[in-house]
Every structure is written in structure tokens, then in C-alpha cells.
Amino acid sequence: MSTASTVAELLQTVPGLDMMQLTASNPEVSIRGFNQRLSNKVLVLVDGRTVYMDFIGSTLWSALPLTLEDIERIEIIRGPGSAIYGANAFGGVINIITRAPGDVSQQNQVSVAGGSAGLARGSVNLAGRDDRLAWKTTAGVQQLGRWSQDADPSRVDVGSPYGDHPYSVQSATASAMLQWQLSEKGFVSVSGGVNDGLSEFYSLGALRLFGIDSTSTNARVDLGLGPLYVRSFYNRFGATAQSWYAPTSGEVLGGDILSQAWDTEAQFNESFGANNQHVLTAGVGFRLKTIDWVFLTPGVKVEPHVNGYIQQQSTFGPVTLNGAIRIDRHPLENVGTRPTARLSMVTRVGEGRVIRLNGGNAFRNPTFLESYTDLYLSTGVDGVLVNSMGSEVVRERTDANYRLEPEKIRSIELGFLDQSNDSFRFEVAAYGYQVLDLIDLGSVSAEDNQLEFDATKGAYIAGESRFENETPVFWAGGGEVEGAWFGVPGLDVRLNYSFERIVSVAEDGSSTPSNAHPTHKGHAVVAWRSPWDLDVSMTVSAYSAQSWPIRSYDAAGQVAVDLVDVDAYTIVSNKLVWHPFGYDDLDLSASAWNWLALLQGAHTEYPLGQPVGARLYGGVAYRF
Amino acid sequence: MTFALFLIAACAYTPPIDSANPDYPDTAGLSGTVLVSLTEGVPGRGHVLVYDLLNPPPPSGLGSPVDLATIAPSEFEGAAGGVSSAPWAVAGLGLGSYLVTALIDNDENFSPFFDFAAGATCGDTVGAYLTDLTTQAPAPVVIDSLPAQIDGLVVTAAKTLSTERPAFDVEGFTLGAPAPFGTSAATLDRSVTDTPQLVNLQSRAVNHPLLTLNGPEAEACASSFLVRLLDLDQDGEVDPHSNPSYAALGLKSAYPKVYLILAADLQGNPVDPAAGRYVSEAVVATDIFMAPYGEYVAGDSFLSPTLPAVFLPAALHIAADGTETVVQGPDMPAGLWATVVVQDTGQIWVVPNDLGDVALAEQYGWDTEGFASQGPAGLIPIQ
């Protein structure tokens, strides 16, 4: 009954989660604050396989090789999860679980949808089982129109390598999985997928809108033998990314990217004790990452990463303790070995009621971009450039002692969940964070030998801007409350509210509130499956105002940071599904997403983002 | 899949234009070709400088460029000792009229980051986008609507400078004549209107990691003042000064032009840009030249290691809105005034400048010895 047109839109109503749409195909997702362009604080997985792009530290949601119809559920961990999931599970983890192959509870499905704002999509989802062999395959196409054009295509002073291309994303995706049950506790599966398409996204710092023509592929093998589980996968991402707009009298910034990752992990799982009250999990993993990207120093960059972890879950009466320790080894000397830990205590305080207390730490490794960038960007003067440099480039050229620390977070959380009633569920959580060493681009500075004419660039270099650790320490605190009621058959009502405050404390002790996030978020979802072959749903999401620091270069090549406001906004969506003639396997649907925009105009969710409008569309889905 | 492709193909969608997007305001771009004519060698680093016509570059004005395009030497195509060409382009201009000039930095000492190095030196080749190659008159490029893109602008750089920038120190002030080279430290007095007050400028060498100027004693490219006695009416006599008030005092028309520009109050507090600019012209004392150095034929030019200039207590006030008012005598603001010398080649020197900036020298590890006079100590107090 969701009106979501993209995977990220499915996450819109999760309490504590920020889904900020910059373009129709470029959502930035964070959990409990610290969202940004190329949001890098959330680890996104598909069936446990990372789709987080290590070279930029972000997830390209439009390039995921799956369709909405292939998603069975999405598991979200709010809060640091490095002790379990490793580096980059900084603010949380989103694990998209697809339909299991040969799951008899799921049917084959064909669906198509089309409507306003250039929306068109179609998918085929097939699955089957033959004794021990199960399989599934998915194929789909997706198209979403751009919310707006930043510049009139008829302009003579600004042009685009994409012409007047009207779509935010046009892509095709396919995936398949084959699973063979070896024994009661043994299985092997082979899977793979591909996504090919063109989409748009907003880049970091002074850079703006880019187009990316990409092909992402993956291949994976899983082997389960009783307590032992081995998984190995290969991710490949190849693309050409270019500035969407450039002055007619200027050059288009962009080039080719090839990112590859090979990952292997072995995990041992054993239960012991009376009633299996103790569960021990231990594992080791290895990942080899490579990147060849025109924005980095020449040559393929290679990083081998190693990790090991132990998790122990023990239950003592009503109390379940869960502890995890993990060690990650980064090849860069200044990052090195990083331990993380997480401890949680879940206490049953009645039938269906639990109190949980957990704490832990997490970190986010510097990405290839933050380590190896060597990019020359235009200032307000055409013949003057600024050199954006990654940490390893700084160490090599100007300062051998330069260090870029991983970002760090320490958290504590207290929560209460009540599922004691068949028709009601209630959950409340409060949390506090300390965040250190956030990585960002610094101000422009110049050594005397840097204010030179660079013959290869044909321009003067005004200085360098380094990726550096910010000195302020950030303190964040907030809470989420959610209630769900399903007391009437066919009627589901869910309400939630989130509150968050973030303060940065400088070295001198002065504190500044950060308003680069909605302090208040609320969602209401009502879905009713009526007895007349008609299902209706309504979703309301409300966000408070925000204020974002936006970076640009002035004519002297210095960084200028302006605070730009984003007004409060509300998204209201409705969906109507009709099963004609009582035929449950056939859905005819009509959806209106963000229809308030038709009455009060489009809204922006980020200062540089495109104004988000409404989508009206219809669809047909047939299950067999 | 075919049905899905049909759906996609059937969608005709044009996204709206976000006219409020601040990243892409309507602007103008210029592009074209730089033609460099040399008698020997190949062009050095190319620069195309765009000036606002309302604030032109020397010698017509004291403007700074609003944009700069750069050309690496490797981009020039052509034979040595002949004509070379390279493309150039600038973007992001607004409405207005612009002058487009070229500076080919053959000795690689130009830097846009420091004022003392942001000028054409001896051996550089200069030029402009011209109306007429014969008259060498710069042609304004007019942008009267946005967005705009003007291509095909040919900028010709054919004049290789044989003179150096007029680096100088302010040597002192003398009340009265005819001793122009006195060294008594004093201030200029804006209430003194009946006696000439002389500002004495002395050529100097510059020995800096970023810029080397040979000084007045050099045999070639001496950093001396290029004095030119103007005879525009070609009557054989040096023209009187174009300002009737100055001409009535017997002052003549000549280059360099010497301007005093109010920089700070007497306590050293910088001028508020919102208050506008005050510019006073100190006229070259051509009679002093003629007396000790003999008669010079009108129209002649010669190098002089010294430049006496007559200060008259009058200034032009250019308000922030462009309104111009003449203020005289006590109506002139008292304060510390910078000195600008403009030669008719377009080469200028300003005191004070970044050579005398102690903080800058510390930042970049420069030797400050000998440059104190190029800093705030070189400001002329006018009381």
C-alpha cells in the first residue's frame, strides 16, 4: 500500500531516519542526523552484501540491482553498528532483504506503472522450487522525470553534456539467484545482478549537479554448512560522471570511474548451554578494494582490509546480554587497526514488553575520495583554480606528517517496546551521541610554492583545500516514539514522532547548535483493506525547518560558507488499490504522492535540491 | 520488457525550469582567439584580462580586471618569431561594457595573487580587443541582455614592452621650489594653496623571489620613470595640462600620471569603501625637468630616475553610487594617501603594496629587508 516509487522513499516514515530528496533519483539517507550530500554515515546492504560505495562513501540508490517488488522487508538498525557490521556502520545500518528464492508464500508477479513527472516502471519477479533447488529472477525498468531543470536548455551561456535530457533516472536492472539445499543445515547459493542506467546526483563542497552513466554488477556465492557460513561476493561499478551543467565558455568536469571490491567472510555460529542460552558467533573477513577514477591521483588505488569479530549473546532469565567486539585493519598507516565494541542488555519486563539499553562505538574510514583526491576546481575567476587534495596527496606533496583520522561516534540508547497487545504496539527510545573527527573539506590555504602558474592546468593555483578532521566535537541527543494500532481487522494505523538536537562544541568551549537537519519529524500512516475489494492508504510526513551551511569559492579563491534556510514542509500521499471482481491476484492502483505540491507548490528538502513536486500515477500488478 | 520499453518511449515529459536556482543565474560568456605577434621566440604564459569599461585599466584608469583567462605556453600554435594563436574564454559576466586586453608574460613573473606582481613588465607583450588595428583603439564588448554568449573575439597582442614598471619609493616632500630633491620629512598641507608642494619619487630596484626589476641604473629594462611630454595638438609645444586650473599654474600635460588615493585616516584606520574614493592628481613638474636637463622637444620621451610631482590641494570624490564631486583645500579629508604612478605604456606601480606587507612576508618566508618603504611607511600624510 506504499506510494513509494523508489527504495529510499520506502524509508520515509521510519522514525529517526532522514530521507532528503535532492533530485528524484538522488535521496540522501541518514539515521539520527548528520545527513549531507553524498551521505556517508549509513551502511546499506542488500541481503547482507554491502552496496555502500567505498570510493565516495555513499550509496547510489538509483543503481541498486533490485526492484521494489523484489523487496520482502527492510531491517534497520538505528545507531552505531561497527562492532557487528564493520567500518562505515556509523549512524546505522539498512539491510534490504529480498524475497527468498522458491519461497512458496510469495507469488510470481508482473507489474507496470506510469504517470506524471515522467514516472514509468515495470518489473517481472519470478521464483520457483524443484525439490532442493530454488531459484528466483527479477527484471525491471525504471524511469523518473527530473523535478526541475537548473537552467533553461535554450540558454546560450550554460550548456549540458546531457542536452535537455528530462529524466532523473532511466535504468534497467536484472538479478537472479539459485539456491541448492545440501542438507537440513547446509546450502549453497549463487546469485548476481546488474543495473545499467543514467541518473543525477549532487556532489560535495563547491561542486553541484552531476550526471552518472553507470553499470553496476555483482556476483555472489554463499555456503552454509551447519555452524559454518562462508560468503564471498564481487561488486563492480563502472561509470562516467560529468557535471550536468557547465558554462559554454568553460570545460565540463568529469571522467570515468571503475570501482571493484572482492569480499570474503567466514562466520562460525554455535549455541551452547542449557536451552541454548548462549550463542557465540565469530568471524573473519577480507576485502580487497580498487578504484581508478579521474578525480584521484593517477593509477589504480588498491586497499586490502581485514577484520575479525566475536559476538556473544547470553540469556539469563528475563535478561539477554549481547556483546560484540570487532577489529578492523585499514591499510593506510594513519588509520591502522580500529577496535569497536557494542554491548546491549534487553530485559523482559512482562509479556511482550522489553527494556533495552545499549551502547557502543563506531567509526567511518576515510574514503578513496578523502584519501586520494587531486582535483582542481574553478573559483570565481576563470584562470584561478583551487586544488582539492586528499590526505595521502597532502602527505606526499606538502606535509608528510599529515593524518586523517576516521570519524568516530560513541553512543548510548535506552528503549522500551510494548507488544503485549495483539492490536497495539508501542515503542519509545532516547539516545545520546558524541561524534568526533568529522571529515570535511577545509579552507583554502597556500604555501609559497603553491601560488604558481600550473602549465599542465593552464591556470594559477590559489591554494589547496584539504580533506581534514573538523575540530569541533558534536553532541547529539534525541528520541523517537512510535505507536501502531491494528484493532480493527484490515485497518492499520501507525504514528511516530522524532526529535533531535545537535550541538557542536569548539576547542575554546563555545557551542553552536547545528540546524542542518529537521529537529522535529512526524509521520502518520493509515492503511485500510476494505471488505469491498478496495484498499486505501494515506501517509502524512511533516518536517520542521532547517538551516544548512553551503560552501562555494569567492573570486579570491577563498571558501565562502553561507547559511541557507529550508522551510518546514509536509508530504501527503494517498493510494487506492482495487481488486476487480474480487480477484485478489490483480491490483489496479492509483497513487498520488506529495499531492500537496499541486496546491501549494513544490518544496525543497535541501538548499541546493530541486523543488520536489507531485506524482500522480496508476499501476497494474498481476500475481500468478 | 518490450511493453515496458513502450511505456518509457510513450512518456513525453519536460521538467519545469527552476528559475529561482541560485547556482545558474543568467550570465554572459566571452570567447575567442589571442593572436600574439613576436619578432623572436614563442609566447610565454597568456592572460586575457577583462575590465569593466566604467573602471578601465591604466593608462585610462586604475581599474582591476573583473575576470581573467589564462593560456599555457603549450596551447599557442604558431612558429617562433611570428604569429601564434590560442583560444581563450571567460564566463560568468554580468550586464555592462567590457574592455578585453591581453598580457603575454614572456618572463614568467606575473602573479594575480600579489599586487606588486600583477602587471606587465619589460619584455612582456600586450594588446587588446581592438576596434581598428590602425588606431589601436580598444573596442568595448557590450553585453546588454542576459544570458549572452559572444564568441569570435580576436585579441591582438603585438606590442612587446621595452620599458620596465616604474617601481619607486616616496622620498619626501618639499615645500617650495626649486629644490625638488629635498629629503625633509614632513607632511603635505591641504590648506597651503599659494605655494607648490612637491612629492618626490625615486626609482628603485626590486629583488624579490617573485619579481626582479633592475633599477634605474640598468642598461636595459631600467625601472625608471618613462617621462613623455605630450604634444597632442602637434604645434611643437608641450601641451598645457588638460585641467584649466592646473594649466593656469603653468603645469603641462605629461606622463607618467601620478595619483594620490586616500587609504586611511591619520590614525591608520582604513577607508570605508562605502564612503567612496578620494583621488588627487599630482602633476609631473615638467619645468623642473626642462631646467636641469636641458630643453626637451615636445612629444619626446626619456627615462628619469626621479619624478617630482606637484601636489595641489584638490581631489575628486567618487561616491559609492558613482557621483563625482571636486573637493578643495580644507574640504579634502586629512589622512594617509597611497601613490600610484601610471605610465602611458599602461605599466603602473603603487605604494604601498604587498612587498611591504610584513605579515605576508612572514607567511611566505620572504626577506623584508629593503621593502619597508613599500609598506605603510610609504603612505603620504596629508594634513
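Sequence lines set the chain letters: A, B, ... in the order given, protein chains first and strands last, and positions in each chain run from 1.
- For B/I150, no part lies under 4.5 angstrom from a heavy atom of chain A.
- The distance from atom NE2 of B/H47 to atom OH of A/Y460, rounded to the nearest 0.5 Å, is 2.5 Å.
- Closest approach of B/F113 to A/I461, counting heavy atoms only: CZ-O, 3.5 Å.
- Between A/F453 and B/P73 there is a side-chain heavy-atom pair separated by less than 4.5 Å.
- The candidate with the highest count of non-hydrogen atom pairs below 4.5 Å against chain B, out of A/G613, A/S168, A/P611, A/P247, is A/P611.
- When every heavy atom of B/A72 is checked against every heavy atom of A/A455, the shortest pair comes out as CB-O, 3.4 Å.
- Heavy atoms of other residues, nucleotides or ligands lying less than 6.0 angstrom from CZ of A/R551 number more than 12.
- If you measure heavy-atom distances from B/F114 to chain A, the contacts under 4.5 Å come from the side chain alone.
- Between A/Y245 and B/Y24, the ring-plane angle classifies as tilted under the 30° and 60° cut-offs.
- Nearest heavy atom pair, residue B/T27 against residue A/R155, reads N-NH2, 4.0 Å.
- Contact between A/Q149 and B/P15 at its shortest, heavy atoms only, is NE2-O, 2.8 Å.
- Of the two parts of B/I71, only the backbone, made up of N, CA, C and O, holds a non-hydrogen atom closer than 4.5 Å to a non-hydrogen atom of chain A.
- Contacts with chain B were tallied for A/Q610, A/K457, A/R146; A/R146 has the most, counting heavy-atom pairs under 4.5 Å.
- Using modelled atom types, one side-chain atom of A/D382 and one backbone atom of B/A91 make a donor-acceptor pair closer than 3.5 Å.
- Nearest heavy atom pair, residue A/P153 against residue B/I17, reads CD-CD1, 4.2 Å.
- Side chain of A/S148 to backbone of B/D18: no donor-acceptor contact under 3.5 angstrom is found.
- Side-chain atoms of A/D150 and B/D23, non-hydrogen and from C-beta on, never get closer than 4.5 Å to each other.
- B/P25 and A/D157 get closest at one heavy-atom pair: O-OD2, 4.1 Å.
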